[in-house]
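Note sheet for the following structure.
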Amino acid sequence: MLLPQDMTVQEMRVLQEFRRIGQETMTLEEIRTIRHPVGGGEAPAWGLVEKGYLQADETRQSVTLTARAKEFLAIEAVPQVEASSGD
């Protein structure tokens with residue numbers, strides 16, 4: 001899978017967690033508990049803030065999805081094999 005804007009696998013995982021739990025805002029404590037195959041912690045969230053997918057609150061203790069992230073999460077990716085199997 002090609003990741004947009006040089007997004008890392010860890011950053012993608014953070015965005016997926018927003019979708020999974022159905023919230024638009026998460027605390028840094030919640031972000032720290034996300035299981036990553038490699039890496040994790042707060043770094044992926046701060047990377048997403050820098051790239052415009054998340055916005056930090058004034059105290060930098062929580063982050064909220066931006067319109068850009070919501071657009072990205074609205075994409076329903078379908079593997080190429082499944083997409084072409086209905087021919």
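All residue numbers refer to positions in the sequence shown, counting from 1. The structure presented is a predicted model; accordingly, all values stated were derived computationally and were not measured.
Rounded to the nearest 0.5 Å, atoms CE (Met26) and CZ (Arg32) are 11.0 Å apart. Taking CD1 from Ile34 and CD1 from Ile21, the interatomic distance works out to 7.5 Å, rounded to the nearest 0.5 Å. Between Lys51 atom NZ and Thr66 atom OG1 the span is 13.0 Å, to the nearest 0.5 Å. Considering CG of Leu73 and CE of Met12, their distance stands at 9.0 Å, rounded to 0.5 Å. We find the CZ-CZ distance between Phe18 and Arg13 to be 11.5 Å, quoted to the nearest 0.5 Å.
Residues Ala56 and Val49 share a closest heavy-atom pair of N-CG2, 4.3 Å. Val14 and Pro44 get closest at one heavy-atom pair: CG2-CB, 3.7 Å.
Judged by distance alone, with hydrogens and angles left aside, the side-chain atoms of Glu11 form a donor-acceptor pair with the main-chain N or O of Thr8 at under 3.5 Å.
Between Asp57 and Val63 the shortest side-chain heavy-atom distance does not fall below 4.5 Å. Using a 4.5 Å heavy-atom threshold, the side chains of Gln61 and Glu29 count as separate. Residues Gln55 and Leu65 are not in side-chain contact: their nearest non-hydrogen atoms beyond the backbone lie 4.5 Å or more apart. By the 4.5 Å heavy-atom criterion applied to side chains, Thr64 and Leu54 are not counted as neighbours.
Looking at Glu50 and Trp46, their side chains never bring a donor and an acceptor atom within 3.5 Å of each other.
Using a 4.0 Å cut-off between charged nitrogen and carboxylate oxygen, Glu71 and Arg68 do not count as a salt-bridge pair.
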